[in-house]
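First up is the structure itself, then whatever we jot down about it.
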Amino acid sequence: MRIRNKVVAAVSSLVLVTAVLAGCSSAESAAETATAAATTAAASTTVDGTQDAAAALAANESVHSAGSSGSGSTGAIQLTGGSATSTAEGVTVDGATVTVTAAGTYTISGKLAGQIVVNAPDATVTLILDGAEITSSETAAIAATEAKELVIQLAAGSVNTLADASSYADDAGVNAALFSAGHLTVTGSGKLTVTGNGNDGITSKDGLLVESGTITVKAKDDGLRGKDYVVVNDGAVTVTSGGDGLKADNDEDATAGYVAITGGTISLTTTGDGVDATTDIVITGGTLKVAAGGGHTQQAADDTSAKGLKAGVIQVLEGGTIVVSSADDAVHSDGAVHFNGAEVTVASGDDGVHTEGQQIIDGGTLNVAGAVEGLEAAEFVLNKGTVHVVSSDDGINGAGGTTSTDTADQGLPVGPGGGEEVGDFSVTVNGGTLVIDSEGDGLDSNGTASITGGTVVVNGPQGDGNGALDVNGSFTISGGTLLAAGSAGMVVAPGTDAEQGWLSATLDSAVEAGTTVQITDGDGTVVATYVTTKTVQNVVFSSPAITSGQQYTVHTGGTATGASTGGLYASGKLGRATEVATVTAGQAPAGGRGGRRSR
């Protein structure tokens, strides 16, 4: 199921309700507005997060094709400083203003302290910039005020610059250094530098398509903005902006307001969001680097959105390389995020990845190099791929939706506690590799958790106020491998009805980082070798090698061999290791301190 009108319909309804309620009593108004707001929030979780890039794009408005350069008039426009000369039909010159009124292709070169205006209703106009330098002190450098499509072609080997006025009126129809009221395409192999002194750098009131070229934009507000969409197929795009980097902001059409990247190299340094789409962000190729809000070492102001990638409906990250450092969430969606093959590395001053609905990983790599909370979603699912999370708080947090007080089969907490609210959220691992290094809870679900396959390693907290595992509802395991190590103050293990065997061992005293911990079965065979990355006192382990009801012995001081996955090694030898605990699989350890904190 794909709910495309989540943002547009819900937000529009809220605006309509608010307007209608202007004549109602304040009590009625507040109630109706709250209902509309709740509808908006609830709709965000209904987006189908399993969509691939093709499905997401198929539901969106089609991208326009770059206009033909062979239609209409042709000619040259020679800029002469304070004016210009041209013999081409469809070109008029009035002082420092050059106006193109007919479809066709026009080659522009020279310098102009003035403006190029395209006023050709329903026409496609191609401007070939071949060593053009245009600076306007009053408005845009190039403005297509009436056109079906404006094509900016950068001539091979050319260097071109555009700069606009230092300010615009609040109600100005033209408000960017390079502006088009219709579709806008940038193509060619030359270079273009755009300085948006007064507002945006490059803006289209329809769709903005970048096919190629080396484009450098410095803007007071947004770098590249297309109302219906921004699509980058190739080229080298560098943006430094006081607002957002790439932005699509149509909030009236559910098929518009999206950003798609299929190739090229894009570098965004922004005060606001790196990529901001009212609906979707779809990335299938290329290289995207984002530094938003000063990067992950900064904190975004309360009234500033400084997210790396922000979408209102869904993000599908299916290919390419993505690197984000942001003061706010690195990857954020009001609906869903689907990691489906991209190589993604993020660092955030808040959440690494935050979704109100589904967060599904079906391939590629996701590396959260640093964040407060690593991955947060109402529904988290790992099917395939490699995920590594480093967080100062929770590694994974299943959060959102509604809650109940159902406490049945909530795992096995140590000490007092339990009876916590169980929400409509979940954390599920069906395959792939998940490594968590957290100072808060490692794998945390305010609802349920399930592991059916793959490998999960949790290097959990050292403090007793958090646990390597924290699940409010049922916690089941039927396959795969789980190693979770952390403090002993708030221990949670799978439920007693788990299909696969598991054990939980609380040691008499904590062991230091760098300690080799091994688990052997009744025959003395080593079934797990783990080297601690921090001080730990409890270890939870599950694999097909564990049989419920059987006894297992925990040792320290042996040697680890083979490949390591987050500290869990392929093999090891006991040597002169020391026995530190004996446990029965399927039973929670006695003792412990504290209990699970309430939400």
Side-chain angles (χ1 to χ4, degrees), residues 44-45 47 49-51 259 273-277 280-283 288-293 295-296 300 305-318 320-400 425-429 432-438 440-446 456:
S44 68
T45 63
V47 179
T50 67
Q51 300 168 79
V259 174
D273 302 318
V275 180
D276 181 6
D280 304 344
I281 295 174
V282 180
I283 301 177
L288 172 63
K289 295 184 179 180
V290 177
H296 69 281
S305 179
K307 296 175 173 63
L309 311 181
K310 182 174 74 174
V313 176
I314 189 172
Q315 294 194 44
V316 182
L317 308 182
E318 194 160 288
T321 300
I322 302 167
V323 179
V324 177
S325 177
S326 60
D328 204 341
D329 299 343
V331 176
H332 176 101
S333 177
D334 291 342
V337 172
H338 189 188
F339 294 92
N340 199 30
E343 307 296 314
V344 183
T345 300
V346 302
S348 170
D350 197 359
D351 296 347
V353 181
H354 180 103
T355 56
E356 296 296 325
Q358 293 180 320
Q359 189 176 136
I360 297 177
I361 303 174
D362 279 324
T365 62
L366 171 58
N367 178 24
V368 180
V372 178
E373 291 206 340
L375 309 175
E376 184 171 58
E379 181 182 350
F380 173 88
V381 181
L382 171 60
N383 293 317
K384 185 171 65 173
T386 301
V387 181
H388 186 201
V389 177
V390 177
S391 64
S392 60
D393 196 358
D394 298 344
I396 291 181
N397 190 9
F425 6 87
S426 60
V427 173
T428 303
V429 178
T433 301
L434 171 62
V435 176
I436 298 172
D437 186 345
S438 68
D441 295 328
L443 189 155
D444 182 2
S445 176
N446 294 351
V456 178

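Note that the structure is predicted; figures quoted are calculated from it, not measured.
Partners of Lys289 according to the side-chain contact (heavy atoms from CB on, under 4.5 Å) rule, which considers only residues two or more places apart in sequence or in another chain, are Thr287, Val323. For Ala330, the side-chain contact (heavy atoms from CB on, under 4.5 Å) criterion is met by Val324, Ser326, Val346, Ser348, not counting sequence neighbours. Checked against side-chain hydrogen bond (donor to acceptor under 3.5 Å, both in side chains), Lys307 has the following partners two or more places apart in sequence or in another chain: Asp328. For Asp362, there are no salt bridge (Lys or Arg N to Asp or Glu O under 4.0 Å) partners at least two apart in sequence or on another chain. The side-chain hydrogen bond (donor to acceptor under 3.5 Å, both in side chains) test applied to Asp351 returns His354, not counting sequence neighbours. For Asp329, the salt bridge (Lys or Arg N to Asp or Glu O under 4.0 Å) criterion is met by no residue, not counting sequence neighbours. The ring-ring contact (aromatic ring centres under 6.0 Å, His included) search around His296 returns none, not counting sequence neighbours. For Ser392, there are no side-chain hydrogen bond (donor to acceptor under 3.5 Å, both in side chains) partners, not counting sequence neighbours. Residues that satisfy the side-chain contact (heavy atoms from CB on, under 4.5 Å) test with Val390, not counting sequence neighbours, are His388, Asp437. Listed by chain and number, the residues in a side-chain hydrogen bond (donor to acceptor under 3.5 Å, both in side chains) with Asp350 amount to none (sequence neighbours excluded). Partners of Glu318 according to the side-chain contact (heavy atoms from CB on, under 4.5 Å) rule, which considers only residues two or more places apart in sequence or in another chain, are Asp52, Ala53, Thr284, Val316, Asn340.
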task: Give the intermediate values and the outcome of side-chain hydrogen bond (donor to acceptor under 3.5 Å, both in side chains) for residues Ser426 and Glu379.
output: CA-CA 5 Å; Ser426 60; Glu379 181 182 350; 4.9 Å; no
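No donor-acceptor pair closer than 3.5 Å links the side chain of Glu373 to the backbone N or O of Ser391.
Within the structure, the ring-ring contact (aromatic ring centres under 6.0 Å, His included) test picks out no pair touching residues 361-384 (sequence neighbours left out).
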